[in-house]
A.B. asks: 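Got a structure here, written out as structure tokens. Questions coming.
Within every chain, numbering begins at 1; the chains are lettered A, B, ... in the order of the sequence lines, protein sequences first and strands thereafter.
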Number of protein chains: 2
Amino acid sequence: MSGTDVATAFAALGDETRWNILVRLGREPASASALAADLPITRQAVGKHLEVLRAVGLVESRRQGREVVHRAVGGRLSALGRDLQRVGETWERRLASLKELAERDDRP
Amino acid sequence: MSGTDVATAFAALGDETRWNILVRLGREPASASALAADLPITRQAVGKHLEVLRAVGLVESRRQGREVVHRAVGGRLSALGRDLQRVGETWERRLASLKELAERDDRP
DNA sequence: TTTGAGCGCAACCCCAGGGTTGCACTTTGA
DNA sequence: TCAAAGTGCAACCCTGGGGTTGCGCTCAAA
């Protein structure tokens, strides 16, 4: 998990509109126009968000007739979650070690 | 996990500089000036990032003499990770159900 | 008690990016 | 075959926020 990738992935998740779109696609796949119909923004704006989400692998798109259906990739989100959890636990352990070292230094 | 909270939390993680600061604090606690010394930005800029991170509970700060020491809150990150993982798995399950329904409809 | 390190505003600059309008293209269905 | 739905650019607007400089405060150490 490189730092850059993590940052861009979370930047993708860090926009409220984008999060709403993702949640909506988590319930069921939909086209850009369908999404725009439920949201207070243009289809073009939705398109840009979908582009961002697809770039980080959180959404997959598939042409179906004259419309393009987008779906949320749950696996990608789960993987991100697992990575985050691991990093957080590492920090907790490290902090505990530092604390222990400090206490040991206090009473040599 | 409300949508707004999630978005703001990930927005906090979505900036590369902020992520670098977090990782640095995950190795060991440090003051804003110490952080600024390692980074290509001003202490004031670091301060703003720390403010954002503290607002979402990813960093805790404690005055020690004349300096303020900041540390990464691993538990908060782990919790976020677990939430993400859960949401992702929900999506996967839902998508599987939809697929099964579609196939059942195909052969009535 | 003076000096400098560390911190906290506040004002300012600047650009990435979220949003829009406008247009041209394909595909379905009547 | 024609109208309307769905999509894909491209140009443009404008705000948010990441970054800076500048100043005044506090507190530890000499």
Side-chain angles (χ1 to χ4, degrees), chain A residues 3-25 27-72 102 106, chain B residues 3-25 28-72 102:
Chain A
T4 314
D5 295 349
V6 178
T8 55
F10 290 136
L13 291 172
D15 181 273
E16 183 155 2
T17 302
R18 223 138 47 204
W19 180 257
N20 288 336
I21 290 177
L22 253 192
V23 170
R24 173 75 162 67
L25 291 180
R27 279 201 292 274
E28 74 176 328
S31 73
S33 298
L35 289 169
D38 300 4
L39 294 168
I41 59 174
T42 322
R43 169 187 63 85
Q44 281 82 343
V46 172
K48 291 191 189 177
H49 286 302
L50 289 172
E51 175 59 35
V52 173
L53 291 170
R54 194 168 50 241
V56 295
L58 282 165
V59 157
E60 277 178 8
S61 313
R62 198 172 122 224
R63 179 133 223 153
Q64 240 167 17
R66 76 176 146 193
E67 66 182 6
V68 177
V69 176
H70 310 273
R71 49 175 264 267
D106 277 351
Chain B
T4 314
D5 296 350
V6 178
T8 55
F10 290 136
L13 290 172
D15 181 273
E16 184 155 1
T17 302
R18 223 136 49 202
W19 180 256
N20 288 336
I21 290 178
L22 253 191
V23 170
R24 173 74 163 67
L25 291 181
E28 75 176 327
S31 72
S33 297
L35 290 168
D38 300 4
L39 295 168
I41 59 174
T42 321
R43 169 185 62 84
Q44 281 81 344
V46 173
K48 290 191 190 178
H49 286 304
L50 288 172
E51 174 59 36
V52 172
L53 291 169
R54 196 169 47 240
V56 296
L58 282 166
V59 157
E60 277 178 7
S61 312
R62 197 173 124 225
R63 180 134 223 153
Q64 241 167 19
R66 75 178 145 190
E67 64 182 8
V68 177
V69 176
H70 310 273
R71 48 175 265 266

A.B. asks: Let me spell it out: for each of Q44(B) and Q44(A), pick the nucleotide of DNA chain C with the closest heavy atom. Which residue's pick is nearer the 5' end?
C.D. replies: Q44(B)
A.B. asks: Out of dG19(D), dG19(C), dC7(C), which nucleotide sits closest to the side chain of H49(B)?
C.D. replies: dG19(D)
A.B. asks: Between the base of dG8(C) and the side chain of R43(B), is one N or O donor paired with an acceptor at under 3.5 angstrom?
C.D. replies: yes
A.B. asks: Tell me the interatomic distance from E51(A), atom CD, to dG19(C), atom C1', rounded to whole angstroms.
C.D. replies: 16 Å
A.B. asks: Is a donor-acceptor contact shorter than 3.5 angstrom present between the side chain of K48(B) and the base of dG19(D)?
C.D. replies: yes
A.B. asks: Please give, in whole Å, the distance from dG19(C) C1' to D15(A) CG?
C.D. replies: 11 Å
A.B. asks: Can you tell me how the ring of W19(B) sits relative to the ring of F10(A), calling it parallel under 30°, perpendicular over 60° and tilted otherwise?
C.D. replies: tilted
A.B. asks: Starting from C1' on dG18(C), measure out to CG on L50(A) and report it in whole angstrom.
C.D. replies: 14 Å
A.B. asks: So, OP1 or OP2 of dG19(C): does either fall under 4.0 Å of a side-chain N or O from T17(A)?
C.D. replies: yes
A.B. asks: I need the CZ-P distance between R54(B) and dC7(C), as an integer number of Å.
C.D. replies: 12 Å
A.B. asks: Counting side-chain heavy atoms from CB outward, which of dG6(D), dG8(C), dG19(C) is closest to S33(A)?
C.D. replies: dG6(D)
A.B. asks: For L35(A) and dG19(C), give me the distance from atom CG to atom P, rounded to whole Å.
C.D. replies: 13 Å
A.B. asks: Round to a whole Å and report the spacing from CD of E67(B) to P of dG8(C).
C.D. replies: 12 Å
A.B. asks: Has S31(A) got a side-chain N or O lying under 4.0 Å from the OP1 or OP2 atom of dG6(D)?
C.D. replies: no
A.B. asks: Could you walk me through whether E51(A) and K48(A) pass the salt bridge (charged side-chain N to carboxylate O under 4.0 Å, His left out) check?
C.D. replies: CA-CA 5 Å; E51(A) 175 59 35; K48(A) 291 191 189 177; over 6 Å; no
A.B. asks: Side-chain N or O of T42(A) versus OP1/OP2 of dG19(C): is the shortest distance under 4.0 Å?
C.D. replies: no
A.B. asks: Does a distance-only test, which skips hydrogens and angles, find a donor-acceptor pair under 3.5 Å between the side chain of R63(A) and the base of dG6(D)?
C.D. replies: no
A.B. asks: Set out, in order, the CA-CA distance, both residues' side-chain angles and the distance that settles side-chain contact (heavy atoms from CB on, under 4.5 Å) for R63(A) and V68(A), then state yes or no.
C.D. replies: CA-CA 4 Å; R63(A) 179 133 223 153; V68(A) 177; 4.1 Å; yes
A.B. asks: What integer distance in Å separates E16(A):CD from dT15(D):P?
C.D. replies: 20 Å
A.B. asks: Could you tell me whether the phosphate oxygens of dG18(C), OP1 or OP2, come under 4.0 Å of any side-chain nitrogen or oxygen in R18(A)?
C.D. replies: yes
A.B. asks: How long is the gap from NE2 on H70(B) to CG on L50(B), to the nearest 0.5 Å?
C.D. replies: 4.5 Å
A.B. asks: Run the numbers on L22(B) and L13(B) for side-chain contact (heavy atoms from CB on, under 4.5 Å), then give the verdict.
C.D. replies: CA-CA 9 Å; L22(B) 253 191; L13(B) 290 172; 3.5 Å; yes
A.B. asks: Specify the residue among R66(A) and A45(A) whose closest nucleotide of DNA chain C lies further upstream toward the 5′ end.
C.D. replies: A45(A)
A.B. asks: Does the dG6(C) base have a donor-acceptor partner in the side chain of Q64(B) within less than 3.5 Å?
C.D. replies: no
